[in-house]
Amino acid sequence: QVQLVESGGGSVQAGGSLRLSCAAFGYTGSSDCMGWFRRAPGKEREGVAVISADDGRTYYGDSVKGRFTISLDNAKNTAYLQMNSLKPEDTAIYYCAARNVRCSLNWAFPLGYATWGQGTQVTVAS
């Protein structure tokens with residue numbers, strides 16, 4: 001069973017940057033798609049970004065395109081989410097997630113992910 005450990009959350013001013021890390025421990029051979037969802041108070045869980053472990057293809061939610069970049073270090077079994085130009089509406093708990101289904105198939109559906117990190121709080125002050 002894969003375990004995901006997140007780090008890098010915190011509090012920043014609007015326009016600032018943060019980098020989230022998600023380290024995968026255990027067998028990762030079946031985790032074809034890995035990335036982040038987020039949940040803000042009063043909002044449904046939202047797909048942020050995922051990356052394919054097979055070919056490196058990336059997918060982003062519309063609200064973060066052009067500001068966030070996801071990457072994967074296969075040697076370290078670690079994914080990174082670089083978040084730039086942060087906005088107050090980015091404030092949420094960010095959860096790393098992984099599944100053994102290709103990212104191209106309905107990647108933003110949270111119930112399709114069996115493995116989740118503990119979550120990390122990101123707060124962006126206005």
Side-chain angles (χ1 to χ4, degrees):
Q1 183 69 43
V2 176
Q3 298 182 39
L4 304 176
V5 179
E6 301 179 57
S7 62
S11 181
V12 297
Q13 297 295 123
S17 298
L18 286 171
R19 189 181 73 159
L20 305 183
S21 299
C22 179
F25 298 91
Y27 179 69
T28 60
S30 61
S31 297
D32 299 322
C33 187
M34 184 175 177
W36 276 267
F37 289 72
R38 67 185 183 186
R39 185 172 62 191
K43 301 289 186 179
E44 294 187 41
R45 189 173 299 183
E46 175 188 22
V48 178
V50 297
I51 185 167
S52 171
D54 187 24
D55 59 12
R57 177 176 288 188
T58 58
Y59 302 80
Y60 296 93
D62 289 340
S63 64
V64 307
K65 287 180 179 178
R67 299 187 297 122
F68 292 8
T69 302
I70 189 170
S71 60
L72 179 65
D73 186 334
N74 284 307
K76 297 181 179 180
N77 291 322
T78 300
Y80 303 93
L81 184 67
Q82 180 66 46
M83 304 185 293
N84 297 326
S85 302
L86 283 162
K87 305 174 180 179
E89 49 262 48
D90 294 317
T91 296
I93 302 175
Y94 285 69
Y95 298 90
C96 185
R99 71 179 190 182
N100 61 352
V101 178
R102 63 188 187 276
C103 287
S104 60
L105 182 60
N106 200 14
W107 71 268
F109 182 57
L111 296 182
Y113 292 77
T115 305
W116 293 85
Q118 79 278 13
T120 185
Q121 176 71 46
V122 171
T123 301
V124 184
S126 60

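Side chains are part of it too, since the values below use all heavy atoms of this structure and drop only hydrogens, waters and symmetry mates.
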Counting distance only, does the side-chain N/O of Arg99 pair as donor-acceptor with the main-chain N or O of Gly112 below 3.5 Å?
no
Please check if the side chain of Gln118 supplies one atom and the backbone of Glu6 the other of a donor-acceptor pair under 3.5 Å.
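Here the side-chain-to-backbone pair exists.
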Closest approach of [X] and [Y], non-hydrogen atoms and distance?
X      : Y      : result
Lys76  : Thr78  : O-OG1, 2.9 Å
Ser126 : Ala14  : CA-CB, 4.5 Å
Val124 : Thr91  : N-OG1, 2.9 Å
Met34  : Leu72  : SD-CD1, 4.4 Å
Val2   : Thr115 : O-CG2, 3.2 Å
Ala49  : Leu81  : CB-CD1, 4.1 Å

Test of understanding: clusters of I, L, V, M, F, W, Y form through side-chain heavy atoms closer than 4.5 Å, transitively. Do [X] and [Y] belong to the same one?
X     : Y     : result
Leu18 : Val48 : yes
Tyr80 : Tyr94 : no
Val50 : Val64 : no

Answer yes when Lys87 and Asp90 have at least one side-chain N-carboxylate O distance shorter than 4.0 Å, and no when they do not.
no
Return the [atom1] to [atom2] distance between [X] and [Y], rounded to the nearest 0.5 Å.
X      : Y     : atom1 : atom2 : answer
Ile70  : Tyr59 : CD1   : OH    : 12.0 Å
Arg45  : Ile93 : CZ    : CD1   : 9.5 Å
Leu20  : Met83 : CG    : CE    : 3.5 Å
Trp107 : Thr58 : CH2   : OG1   : 10.0 Å

Pairs where residues 46-97 contributes a residue and the test disulfide bond (SG atoms under 2.5 Å apart) is met, not counting sequence neighbours
Cys22-Cys96
Among pairs that include at least one residue of residues 30-55, which meet ring-ring contact (aromatic ring centres under 6.0 Å, His included), considering only residues two or more places apart or in two chains?
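Listed by first then second residue: Phe37-Tyr113, Phe37-Trp116.
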Hydrogens and angles aside, do Glu46 and Ser63 bring a side-chain donor and acceptor to less than 3.5 Å of each other?
yes
Just wondering, more than 12 heavy atoms not from Gln3 lying within 6.0 Å of its CD?
no
Above 12 or not: heavy atoms from other molecules or residues under 6.0 Å from CZ of Arg39?
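Result for CZ/Arg39: open.
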Just jot down the side chain to side chain contact (heavy atoms under 4.5 Å, CB included) partners of Asp55, sequence neighbours excluded, or say none.
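Ser52, Arg57.
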